[in-house]
K.L.:
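Just passing along the structure, written as structure tokens.
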Amino acid sequence: MKLATWNINSIRARTDRLIGWLAAEQPDILCLQETKVEDAQFPTAALEKAGYHTAIYGQKSYNGVAIASRAPITDVQRGLSDGVADDEARLIAGTTLGVRVVCVYVPNGGDLTSDKFPYKLAWYRRLRAFCERHAGDLVVAGDYNVTADDKDVCDPVKWAGHIHCSEPERAALAEVLGLPLVDVFRRLHPEGGVYSWWDYRGVAFFKNQGLRIDHILATPALAERATACTIDRNARKGQDASDHAPVIATFT
DNA sequence: ATGGCCGCTATGAGCGGA
């Protein structure tokens with residue numbers, strides 16, 4: 001089974017690119033973030049034509065998550081479902097191909113002094129609780145907006161203490177990993193220096209000045225079945241690319 | 001030290017992103 005996650009940064013701006021990528025890579029399951037579209041405008045028909053069922057949770061302009069799968073998706077949950085008033089479309093979960101898949105778009109957080117920052121940390125605590133409520137195997141994939149450690153950072157000195165690299169954010173991610181969940185890419189590529197996001201500005205991508213903030217986490221038994229995990233840099237190349245590249249894991 | 005780019009909007013400047 002091939003499972004991917006991709007922050008598409010507007011699915012309307014990149015529908016053709018997405019369909020082409022699906023045809024080339026043929027993942028069984030794809031988690032999408034930042035679709036930036038209300039459900040009525042989501043390109044459900046184009047994905048269906050490409051051979052994918054979809055479960056979607058969108059909103060106008062911002063956020064928006066979706067799961068696409070070659071098989072039907074059941075038991076869909078939209079949002080963290082914890083009773084907290086929160087209308088930001090950042091989590092969708094569903095069961096497909098025998099796997100419980102949680103697709104997440106963790107808040108950016110702005111900067112450490114922003115009022116968005118405590119929301120980010122609280123969201124991590126709520127995500128941990130969401131995953132803890134689920135008994136069996138899970139894949140939790142998406143844009144975590146946090147680097148696990150400096151191996152995920154192009155320039156650790158420049159980024160030290162900044163958003164995506166600060167101690168409280170890394171501690172929040174570590175709490176989720178402590179459930180336990182395994183970072184599948186890191187398990188197979190412990191050396192670091194491979195990124196999933198590059199700034200649009202300047203020569204950041206050309207010079208590989210990026211961060212690894214998109215992660216596929218899995219419960220340990222499932223993570224043991226991962227035989228490969230790659231980040232598709234090619235999808236970040238050329239005109240009209242998202243600023244994120246897809247992360248792809250293959251499970252036996 | 002700052003901004004540089006991109007997508008969005010009852011657009012054409014401002015917000016959010018990372």
Side-chain angles (χ1 to χ4, degrees), chain A residues 5-18 21 31-43 56-66 86-91 103-124 127 141-170 172-173 185 192-215 231 233 235-247:
Chain A
T5 181
W6 194 6
N7 180 321
I8 194 84
N9 186 19
S10 172
I11 196 166
R12 284 177 295 177
R14 261 171 277 288
T15 301
D16 291 348
R17 211 178 163 108
L18 170 62
W21 186 83
C31 297
L32 289 162
Q33 301 87 38
E34 283 208 89
T35 53
K36 296 188 174 178
V37 68
E38 291 179 304
D39 292 350
Q41 278 80 48
F42 189 92
I56 59 181
Y57 181 37
Q59 67 181 88
K60 189 191 259 298
S61 306
Y62 302 114
N63 309 316
V65 284
D86 187 343
D87 55 7
E88 299 197 12
R90 296 183 176 277
L91 181 149
C103 170
V104 297
Y105 175 48
V106 176
N108 175 302
D111 61 67
L112 272 63
T113 63
S114 165
D115 58 7
K116 294 172 190 163
F117 191 68
Y119 174 67
K120 180 177 193 174
L121 297 182
W123 206 93
Y124 261 104
L127 175 62
D143 179 355
Y144 282 79
N145 269 317
V146 173
T147 54
D149 57 46
D150 280 351
K151 287 195 283 189
D152 294 337
V153 184
C154 57
D155 185 341
V157 173
K158 176 188 158 191
W159 280 93
H162 287 94
I163 198 74
H164 311 305
C165 302
S166 73
E167 189 281 326
E169 291 167 87
R170 287 178 173 174
L173 175 60
F185 184 87
V194 182
Y195 312 121
S196 66
W197 168 86
W198 300 261
D199 200 308
Y200 276 125
R201 293 170 290 191
V203 292
F205 179 65
F206 183 73
K207 295 184 80 169
N208 198 26
Q209 296 168 341
L211 302 174
R212 191 177 71 97
I213 53 177
D214 300 272
H215 305 301
I231 299 180
R233 266 183 67 90
R236 176 64 177 78
K237 294 178 181 173
Q239 291 291 313
D240 303 317
S242 170
D243 47 353
H244 294 251
V247 185

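Within every chain, numbering begins at 1; the chains are lettered A, B, ... in the order of the sequence lines, protein sequences first and strands thereafter. None of these values were measured; they are calculated from a predicted model.
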K.L.:
With sequence neighbours left out, which residue pairs that include part of residues 151-166 of chain A fulfil the salt bridge (Lys or Arg N to Asp or Glu O under 4.0 Å) condition?
P.N.:
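Salt bridge (Lys or Arg N to Asp or Glu O under 4.0 Å) check on residues 151-166 of chain A returns A:Asp152-A:Arg186, A:Asp152-A:Arg212.
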K.L.:
Provide, to the nearest angstrom, the distance between the CD atom belonging to A:Gln209 and the P atom belonging to B:dG4.
P.N.:
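In whole Å, B:dG4 P lies 17 Å from A:Gln209 CD.
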K.L.:
With a cut-off of less than 4.0 Å, is there a side-chain N or O of A:Arg14 near OP1 or OP2 of B:dC6?
P.N.:
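No, A:Arg14 has no side-chain N/O under 4.0 Å of OP1/OP2 on B:dC6.
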K.L.:
Can you check each nucleotide of nucleotides 8-18 of chain B against protein heavy atoms at under 4.0 Å and return B for base, S for sugar-phosphate only, - for none, in 5' to 3' order?
P.N.:
SSS-----SSB
K.L.:
Can you check the distance between B:dG4 and B:dC15, where both ends of the measurement are the P atom (answer in whole Å)?
P.N.:
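Taking atom P in both B:dG4 and B:dC15, they lie 15 Å apart.
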K.L.:
Given 3.5 Å as the limit, does a donor-acceptor pair link the side chain of A:Arg236 with the main chain of A:Ala245, or not?
P.N.:
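Pair absent, no side-chain N/O of A:Arg236 close to backbone of A:Ala245.
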K.L.:
Taking side-chain hydrogen bond (donor to acceptor under 3.5 Å, both in side chains) as the criterion, tell me which of A:His244, A:Lys36, A:Glu34 meets it with A:Asn9.
P.N.:
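That would be A:Lys36.
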K.L.:
Can you tell me how far C1' of B:dT2 sits from NE2 of A:His162, to the nearest Å?
P.N.:
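Checked: the NE2 to C1' distance equals 12 Å.
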K.L.:
What distance, rounded to whole Å, do you find between the two P atoms, one in B:dG14 and one in B:dG3?
P.N.:
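Comparing P positions in B:dG14 and B:dG3 gives a spacing of 15 Å.
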K.L.:
Can A:Arg170 and A:Asp150 be counted as an ion pair, charged N to O under 4.0 angstrom?
P.N.:
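Yes.
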K.L.:
Using the P atoms only, state how far B:dA10 lies from B:dG16, rounded to an integer number of Å.
P.N.:
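My reading of the P atoms in B:dG16 and B:dA10 gives 14 Å.
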K.L.:
Give the ring-plane orientation class for A:His164 versus A:Trp159, where under 30° counts as parallel, over 60° as perpendicular and anything between as tilted.
P.N.:
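A:His164 and A:Trp159: tilted rings.
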K.L.:
Quick check: does any side chain N or O of A:Tyr200 sit under 3.5 Å from a backbone N or O of A:Ala241, one acting as donor and the other as acceptor?
P.N.:
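Yes, the answer is positive, given that a donor and an acceptor are paired below the 3.5 Å cut-off.
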K.L.:
Which whole-number value in Å describes the distance from A:Gln41 CD to B:dG7 C1'?
P.N.:
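To the nearest whole Å, that distance equals 16 Å.
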K.L.:
Using the P atom as the point on both nucleotides, what is the distance between B:dT2 and B:dC6, in whole Å?
P.N.:
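Rounded to whole Å, the distance is 23 Å.
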K.L.:
With rounding to whole Å, what would you report as the distance between B:dG7 and B:dA18 at their C1' atoms?
P.N.:
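Here B:dG7 and B:dA18 have their C1' atoms 14 Å from each other.
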